[in-house]
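For reference, the structure I am asking about is given below.
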Amino acid sequence: FDSLNHDMTLPEFKFIWYMEYSHRMWGRAVGLAYLLPATYFWRRGCLSRPLKGRVLALCGLVCFQGLLGWYMVKSGLEEKPDSYDIPRVSQYRLAAHLGSALVLYSASLWTGLSLLLPQHKLPETKQLLRLRQYAHGTTALIFLTALSGAFVAGLDAGLVYNSFPKMGERWIPDDLLAFSPVLRNIFENPTTVQFDHRILGIASITAVTALYLFSRKIPLPRRTRMAVTSLLAVACIQ
């Protein structure tokens, strides 16, 4: 209010306050959804030794995620007397918070599906190994794209250019490397951050499409084929 939103009304402030409050309460509910069943099944002796290690790691990651969220929000409340920028959270901490959430979600889903669905025993052909490697590479690319989206959000980089596929009147904007040193542009220049996110997004959907086309050439179980097809559908919607 003091630095930027001088005309904000009390109902407008209450709206963003309740958004943040709901997010925190939801996060704590997620924490309880991990810790309480984990404690119950651990005491009942239902967990194997490898699963105990995974449960401990997941519960630790839930707690770490909460601490990281607090650390991120704290950066938006720190006084910056030498800066004329508007108050905002650190884009680095925002990316770390989102990245750890994606890791937690993926690990939870993988663990749950591993327990619910029996693993298919497929012959280790050269094509299958290539498909698996390509799937891992595509996963890493999608993860990197999502992290770059956190930098876009943290810097409000989406407001700089809102035309596609060109950025304004150019394919490559003039201020792409305006900051010095050059490496700083990747993380702190809103134009570069938006440009990188666009390129990574295009690369991700290209990789997912290629993964789908390659999978069509290999005899796969129905469940795997459904997963690849769903991946392509969600990538197109995204």
> Would a hydrophobic clustering, with Ile, Leu, Val, Met, Phe, Trp and Tyr connected at side-chain separations under 4.5 Å, put Leu113 with Val234?
Replying inline: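 Different clusters.
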> Near Glu169 CD, under 6.0 Å, is it more than 12 heavy atoms from other residues, nucleotides or ligands?
Replying inline: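 No, not enclosed.
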> CZ/Phe195 to CE/Met167 distance, rounded to the nearest 0.5 angstrom?
Replying inline: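 One finds 7.0 Å between CZ of Phe195 and CE of Met167.
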>> Strictly by side chain to side chain donor-acceptor pair (under 3.5 Å), give each pair with a member in residues 193-215 just once, sequence neighbours left out.
In response: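 Side chain to side chain donor-acceptor pair (under 3.5 Å) check on residues 193-215 returns Thr145-Ser204, Ser148-His197, Gln194-Arg198.
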>> Just verifying a value: how many Å separate Gln91 CD and Asp156 CG, rounded to the nearest 0.5 Å?
In response: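 Reported value, rounded in 0.5 Å steps: 10.5 Å.
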>> To the closest 0.5 Å, what do you measure between CZ (Phe179) and CG (Asp175)?
In response: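 So the CZ of Phe179 and the CG of Asp175 are separated by 8.5 Å.
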> What's in the same ILVMFWY side-chain cluster as Leu200, cut-off under 4.5 Å, chained through other members?
Replying inline: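 Leu141, Leu144, all in the cluster of Leu200.
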> Less than 4.5 Å apart, any side-chain heavy atom of Glu20 and any of Val73?
Replying inline: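 Result yes, sub-4.5 Å side-chain heavy-atom pair found.
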> Between Ala38 and Cys59, what is the shortest heavy-atom contact and its length?
Replying inline: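 Closest heavy-atom pair between Ala38 and Cys59: CB-SG, 4.0 Å.
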> Should Leu213 and Leu128 be regarded as members of a common hydrophobic cluster, given that ILVMFWY residues are connected when their side-chain heavy atoms come within less than 4.5 Å of each other, either directly or indirectly?
Replying inline: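 In one cluster with Leu213: Leu128, yes.
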> Looking only at heavy atoms, which two atoms of Leu104 and Leu61 are closest? And how far apart?
Replying inline: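 Here Leu104 and Leu61 meet closest at CA-CD2, 3.6 Å.
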>> Is the distance between the ring centroids of Phe151 and Tyr92 under 6.0 Å?
In response: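 Ring centroids of Tyr92 and Phe151 are less than 6.0 Å from each other.
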> Between Phe143 and Val103, does a side chain to side chain contact (heavy atoms under 4.5 Å, CB included) hold up when you go through it step by step?
Replying inline: CA-CA 9 Å; Phe143 182 75; Val103 170; 4.1 Å; yes
>> If you take the centroid of each ring, where Trp contributes its six-membered ring, are Phe214 and Tyr134 closer together than 6.0 Å?
In response: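 No, the ring of Tyr134 stays outside the 6.0 Å limit from the ring of Phe214, centre to centre.
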> Which residue, Lys74, His97, Met72, forms the side chain to side chain contact (heavy atoms under 4.5 Å, CB included) with Val89?
Replying inline: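 Output: one option passes, namely Met72.
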> Mind checking whether Phe15 and Tyr18 sit in one hydrophobic cluster, side chains of I, L, V, M, F, W, Y counted as touching below 4.5 Å?
Replying inline: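 Yes, it is one cluster - the side chains of Phe15 and Tyr18 are joined through contacts under 4.5 Å.
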>> Within the structure provided, determine whether Leu176 and Asn185 are in side-chain contact (heavy-atom separation under 4.5 Å).
In response: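 Counting from C-beta outward, Leu176 and Asn185 never come under 4.5 Å.
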>> Under the side chain to side chain donor-acceptor pair (under 3.5 Å) definition, can you give me all pairs with a residue in residues 220-238, not counting sequence neighbours?
In response: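 Counting only pairs at least two positions apart or across chains, no side chain to side chain donor-acceptor pair (under 3.5 Å) contact touches residues 220-238.
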>> Just checking Arg184: does its CZ atom have more than 12 heavy atoms from other residues, nucleotides or ligands closer to it than 6.0 angstrom?
In response: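 Yes, because the 6.0 Å sphere around CZ of Arg184 holds more than 12 heavy atoms from other groups.
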> Is there any side chain to side chain donor-acceptor pair (under 3.5 Å) pair reaching into residues 42-61, and which pairs are they, with sequence neighbours excluded?
Replying inline: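 Of all non-adjacent pairs touching residues 42-61, those that pass side chain to side chain donor-acceptor pair (under 3.5 Å) are Tyr40-Arg44, Arg54-Thr111.
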> Taking all atoms of both residues into account, what is the closest heavy-atom pair of Ala150 and Leu94, and its distance?
Replying inline: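 Closest pair (atom of Ala150, atom of Leu94, distance): O-CD2, 3.3 Å.
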>> Surrounding CD1 of Ile172 (heavy atoms of other residues, nucleotides or ligands, distance under 6.0 Å), is the total greater than 12?
In response: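 No.
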> Can Trp26 be reached from Leu58 by stepping across I, L, V, M, F, W or Y side chains whose heavy atoms are under 4.5 Å apart?
Replying inline: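 As far as the 4.5 Å side-chain criterion goes, Trp26 and Leu58 are connected within one cluster.
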> Shortest non-hydrogen contact from Leu102 to Ala146?
Replying inline: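 Taking every non-hydrogen atom into account, CD1-CB, 3.7 Å.
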> Do Leu131 and Leu220 come close enough that some side-chain heavy atom pair is under 4.5 Å?
Replying inline: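 The answer is yes; the side chains approach within 4.5 Å.
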> Asn162 versus Leu159: any side-chain heavy-atom pair under 4.5 Å?
Replying inline: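 No, side chains not in contact.
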> So do Asn189 and Val193 actually touch side chain to side chain, heavy atoms under 4.5 Å?
Replying inline: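 When only atoms from C-beta onward are counted, Asn189 and Val193 do not touch, as no gap falls below 4.5 Å.
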>> Return the CZ to CH2 distance between Arg24 and Trp70, rounded to the nearest 0.5 Å.
In response: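 Rounded to the nearest 0.5 Å, the CZ-CH2 separation comes to 10.5 Å.
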> Who are the ring-ring contact (aromatic ring centres under 6.0 Å, His included) partners of Tyr21, not counting sequence neighbours?
Replying inline: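 Scan of Tyr21 (ring-ring contact (aromatic ring centres under 6.0 Å, His included), adjacent residues dropped) gives Trp17.
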> Are Tyr105 and Leu117 grouped together when hydrophobic residues (ILVMFWY) are joined by side-chain heavy atoms under 4.5 angstrom apart?
Replying inline: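 Yes, same cluster.
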> Considering only heavy atoms from C-beta outward, does the side chain of Phe64 approach that of Leu68 to under 4.5 Å?
Replying inline: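 Side chain of Phe64 against side chain of Leu68, heavy atoms only: contact under 4.5 Å found.
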> Going through the distances and angles, do Val228 and Leu232 end up as a side chain to side chain contact (heavy atoms under 4.5 Å, CB included)?
Replying inline: CA-CA 6 Å; Val228 178; Leu232 178 63; over 6 Å; no
>> Measuring only between side-chain heavy atoms, which start at C-beta, is Thr191 closer than 4.5 Å to Asp174?
In response: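 The answer is no, as the side chains (C-beta and beyond) never meet within the 4.5 Å cut-off.
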> Can you check whether Leu35 reaches Val62 side chain to side chain, under 4.5 Å on heavy atoms?
Replying inline: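 Sidechains of Val62 and Leu35: no contact.
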> Could you give the distance from CG (Leu10) to CE (Met8), rounded to the nearest 0.5 Å?
Replying inline: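 Result: 10.0 Å between the selected atoms.
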> What is the minimum heavy-atom distance between Ile205 and Cys236, and which atoms define it?
Replying inline: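 Closest approach of Ile205 to Cys236, heavy atoms only: CD1-CA, 4.0 Å.
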>> Tell me the closest heavy-atom pair linking Leu155 and Arg88, and the distance in Å.
In response: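 Nearest pair, atom of Leu155 first, then Arg88: O-NH2, 3.5 Å.
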>> Checking one residue: Leu129. Which other hydrophobic residues are in its cluster under the side-chain 4.5 Å linking rule?
In response: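 Leu129 shares its hydrophobic cluster with no other residue.
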